[in-house]
Amino acid sequence: MSAEAALTHGVYEPGAPEATNGKLAMWLFLASEIMLFGALFSSYIILRDAAPFWPKGWEVLNVPLATLNTVVLITSSMTMVLAYAAAQKGDERRLNGFLWATFLLACCFLVIKAFEYGSKFQHHHFPSTSVFYAVYFTLTGLHGFHVIGGMAVMLFILLGGQKGIPRPLFVSRIECLGLYWHFVDLVWIFLFPSLYLL
Amino acid sequence: MSKDAHDHTRVYLAVFAALLVLTVVTVAVSRLDLTRPWAIGVGLAIACLKGGLVAAYFMHLVSERVTVYSIVGLAAAAFIALLLLPWIDMTHPAAQSTEPPPAAVESAGRHAETAAHVP
Amino acid sequence: MSDKEKHHVAQQHHHGPQGFIEKYVFSLDHKVIGLQYMITSLVFLLFGFSLIMLLRWQLAWPGRPMPLIGHLLKSSMPGGVMTPDFYLQLGAMHGTIMVFLGVVPLGVGAFGNYVLPLQIGAPDMAFPRMNMMSYWTFLVGGLVMLGSFLLPEGAANSGWTSYAPLSVQATAGQTLWLIGMVFLITSSLLGSINFIVTTIQMRAKGLSFFRLPVFVWAQFVTAVLLLLAFPPLEAAAVLQLMDRLAGTSFFLPTGLAAFGQPMAVSGGGQPLLWQHLFWFLAHPEVYVLVLPAIGIIGEIIANNTRKPLFGYRAMVGSMIFLGAMSFIVWAHHMFLTGMGPVMNAFFTTTTMIISIPSVVILTTYLISLWGGSIRFTTPMLFALAFLPMFGIGGLTGLPLGLPATDIHLHDTYYVIGHFHYVVAPGTIMALFAGIYYWFPKMFGRRMDDRLGKLHFWTSATFLNGVFFPMLLYGVAGVQRRLYDPTGYAHAVPVQPLNVIMTVSAYCLAVSQIPFIYNFFNSIWNGEKVSRNPWQATTLEWAAPSPPPHGNFDSPPRVYRGPYEYSVPGVKSDFVPQFSEDGGEPEEPRRKMASLA
């Protein structure tokens with residue numbers, strides 16, 4: 001059975017949760033992502049605390065640029081939730097508009113990131129240079145991969161990949177994309193102070 | 001689910017504004033040169049506040065079902081275990097062995113005779 | 001949409017004529033995917049078993065050329081004698097393959113996929129495409145791992161535990177191990193999300209959580225463990241890949257030297273960080289290994305004692321408690337790393353506590369046998385044997401969970417004996433039980449019973465022949481992962497045990513031949529069966545054998561609990577969950593004429 005074709009409400013007694021299959025699945029996936037990034041954060045804390053010396057983020061990293069990036073990502077999170085609200089109302093124009101805005105802001109995030117990385121490489125700072133840089137590049141890099149993943153799905157939807165899907169299912173999928181995107185934002189909200197400000 | 005989506009837009013904008021303000025605050029506070037514990041504490045508190053707003057309003061956790069809360073709760077609990085226990089083991093003085101390690105030269109000599117297992 | 005409409009949609013899943021590739025290779029049907037997992041994991045199990053048979057020759061007769069096979073592997077076994085490096089590869093890959101490519105894909109991927117939707121009355125999994133993806137990522141990961149043997153310097157050789165810094169400096173095979181792990185973890189995540197959503201959302205009408213068979217509960221808890229425990233290993237694998245490929249020092253401490261030269265890395269890393277991240281997964285992983293087995297055993301015991309399982313709620317509660325506790329016991333694998341008394345005490349306490357639910361589960365199964373009308377079918381023989389084997393496995397774990405005794409036993413063969421008792425005479429026997437039990441449902445034919453019993457008695461004997469001496473060998477103080485244990489004086493007197501273990505292992509291998517023959521022969525020539533040849537009560541037996549695409553004739557409805565056997569006042573000795581009719585009442589016994 002293509003459970004996705006039958007919109008996904010399971011069969012069971014009244015009073016049971018009303019979440020769609022897709023939404024539950026996305027939350028479960030996010031739970032696993034909490035563990036993934038959690039392990040990386042945990043590693044960062046351990047490596048930093050056990051190290052005899054660790055530079056302060058301010059001294060080594062470009063804080064103004066990263067602050068701008070934080071604002072960009074938070075804005076994209078807002079445009080994403082507004083896209084979802086538009087989808088709920090059936091406003092296709094607004095949905096497309098906000099989804100494009102989210103996508104472009106994400107591009108912006110990656111461009112700024114590329115500048116940051118480029119400047120580091122120019123000064124011969126690589127992951128192998130020190131544990132600090134190893135942590136910095138790995139954490140932000142993996143986060144960046146997650147941004148790219150979200151962008152790929154957004155582009156797929158924007159270019160008509162979901163044409164012909166029944167409306168309630170489509171709205172549910174936008175919701176799931178939104179949950180993923182907000183999570184990516186959430187990780188950055190913790191990454192930013194941990195790496196750059198402390 | 002599309003009940004009062006109009007009201008929700010106001011909420012989203014309010015949360016957005018709060019997030020921007022908190023971003024400025026966290027950067028500003030980090031310039032204050034607080035002592036380490038305070039710097040970490042305040043920084044983490046602000047991050048939790050921002051993260052909480054995103055989770056509660058953008059991800060709609062304020063109005064979600066028990067099933068979703070359980071999923072998030074389980075992940076949070078497992079994460080806390082993963083964060084605290086290795087950290088305590090590897091860095092916290094209270095968890096360190098009370099005996100100083102034996103001097104390297106002596107133990108190398110004794111090694112040949114004992115059946116000590118090196119992990 | 002009403003149930004009937006939903007089911008109609010399911011049946012009419014727009015296929016048109018399906019080609020062979022679409023129907024059998026890239027299938028979306030959970031049953032086909034389950035069988036793919038089954039065959040693939042059985043092949044990997046056989047391969048992993050072969051590796052250890054090679055290794056066991058070297059242990060029993062160190063330095064002696066191995067006949068026949070020894071001369072085929074020219075570079076790894078020059079003159080028929082294996083190199084120490086090849087020995088380490090065999091050891092590392094045996095563990096990896098058995099755990100990640102054999103037992104878990106069989107217990108979860110095969111049985112979970114095939115049986116779970118049937119047992120909850122669903123037409124398929126919640127996400128069929130994701131299910132298919134999960135199988136193919138598993139296969140790719142497995143092939144990457146196995147492919148590492150073809151590298152010039154061979155496969156990974158740093159143990160299945162891949163401790164840093166040794167693993168960071170190891171040959172290219174280790175990189176493939178890490179990449180393979182990423183694929184396997186992805187497969188596992190896709191699968192666990194599917195299982196959890198399916199169990200929550202797609203149960204048949206009337207099937208509340210406490211009417212679920214214990215098999216479903218076991219798979220559900222297992223899926224939660226996989227979901228939350230695997231990602232930290234994925235993170236660790238990424239970090240180790242960075243260390244190996246990008247020159248970082250996550251796990252490399254300052255001042256590390258290799259072959260007398262200081263390593264040209266930044267240093268500042270923590271080797272123990274790898275151990276924490278690895279064991280954070282690997283401990284819940286052992287419960288992933290055993291929980292599906294526990295679930296299978298429950299089904300078979302209820303069915304073959306013709307009475308309800310004793311302590312259903314205690315069983316479910318114990319499984320959940322076991323799963324939860326499994327997240328905070330992991331550092332009992334690290335008692336000898338210098339963690340200090342506080343950490344040691346913490347993990348000892350949690351480890352002792354976690355033994356309680358295991359004992360509860362075992363006890364409820366033992367009590368379930370009491371007063372039962374036991375049918376000694378082949379699945380039941382395996383299930384009955386599981387109980388004492390799992391008991392021995394669990395009990396031998398206790399000295400390992402207490403640091404005072406672990407100091408002597410850590411890293412000896414006692415550990416290997418302990419965990420093999422739980423997995424080999426334990427879980428693998430339960431998986432065999434499951435194969436014999438559900439084969440009729442899967443293929444519409446039963447396996448030959450006499451060959452099954454032969455398989456059982458020989459396997460049970462030789463499994464004990466391999467692993468019981470191992471416990472003694474370990475208590476004698478012989479360390480793990482030694483190329484030639486007789487190099488140590490204290491290992492020489494107990495060397496004959498190695499010969500016993502190796503000979504038993506070879507006999508164990510031969511004992512599998514009747515099973516392999518029986519399995520494949522019965523698919524085509526086995527005795528045909530009806531829907532419910534075991535006269536069982538759970539939902540999968542409502543479907544035809546084998547079930548068609550969509551599983552059931554019409555959406556099933558559940559009227560009662562899962563183990564209504566020997567219900568008082570009912571004529572038949574079982575009342576299925578899915579039958580509306582509560583069963584023909586027994587004829588009232590005629591009163592005995594008074595003996596006046």
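In what follows, chains are A, B, ... by sequence order, proteins preceding strands, each numbered from 1.
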Name the region of [X], side chain, backbone, both or neither, that has any atom closer than 4.5 Å to a heavy atom of chain A.
X	answer
B/L61	side chain
B/T23	side chain
B/V72	side chain

At a heavy-atom distance under 4.5 Å, which candidate from [options] has the highest pair count against chain B?
options	answer
A/V71, A/L198, A/T70	A/L198
A/S42, A/G178, A/A39, A/S32	A/S42
A/L30, A/D185, A/I74, A/V171	A/I74
A/F190, A/W181, A/W58	A/W58
A/K56, A/R48, A/M80	A/R48

Is there a side chain to side chain contact (heavy atoms under 4.5 Å, CB included) between A/F192 and B/V27? Walk through the geometry before answering.
CA-CA 10 Å; A/F192 171 57; B/V27 174; 3.8 Å; yes
Among the options B/A78, B/S30, B/C48, pick out the one with the most heavy-atom pairs lying under 4.5 Å from chain A.
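The option with the most such pairs is B/S30.
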Interface moiety of A/D49 toward chain B, non-hydrogen atoms closer than 4.5 Å:
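The answer is both parts of A/D49.
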Is A/S194 in contact with chain B via its backbone, its side chain, both, or neither, using a 4.5 Å heavy-atom distance?
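Neither the backbone nor the side chain of A/S194 comes within 4.5 Å of chain B.
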Over 12 foreign heavy atoms within 6.0 Å of CZ, A/R93:
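Count not over threshold, so no.
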Heavy atoms from other residues, nucleotides or ligands near CZ of A/F115 exceed 12 (cutoff 6.0 Å)
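No, because the 6.0 Å sphere around CZ of A/F115 holds 12 heavy atoms or fewer from other groups.
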Close side-chain approach of [X] to [Y], heavy-atom, < 4.5 Å:
X	Y	answer
A/L186	B/F58	no
A/Y84	B/H8	no
A/K23	B/H60	no
A/M78	B/V15	no
B/M59	A/F183	yes

Mind listing the closest non-hydrogen atom pair of [X] and [Y] along with its distance?
X	Y	result
A/I46	B/P86	CD1-CB, 3.5 Å
A/M35	B/F79	SD-N, 3.6 Å
B/I71	A/L24	CD1-CD2, 3.9 Å
B/G51	A/I189	N-CG2, 4.0 Å

Working to the nearest 0.5 angstrom, can you tell me the gap between [X] [atom1] and [Y] [atom2]?
X	Y	atom1	atom2	answer
B/L83	A/I45	CG	CD1	4.5 Å
B/L82	A/I34	CG	CD1	12.0 Å
B/W87	A/F41	CH2	CZ	15.5 Å

Using the rule given for side chain to side chain contact (heavy atoms under 4.5 Å, CB included), can you reason through A/V63 versus B/R31, listing the C-alpha separation, both sets of side-chain angles and the distance that settles it, and then say yes or no?
CA-CA 11 Å; A/V63 175; B/R31 295 301 269 155; over 6 Å; no
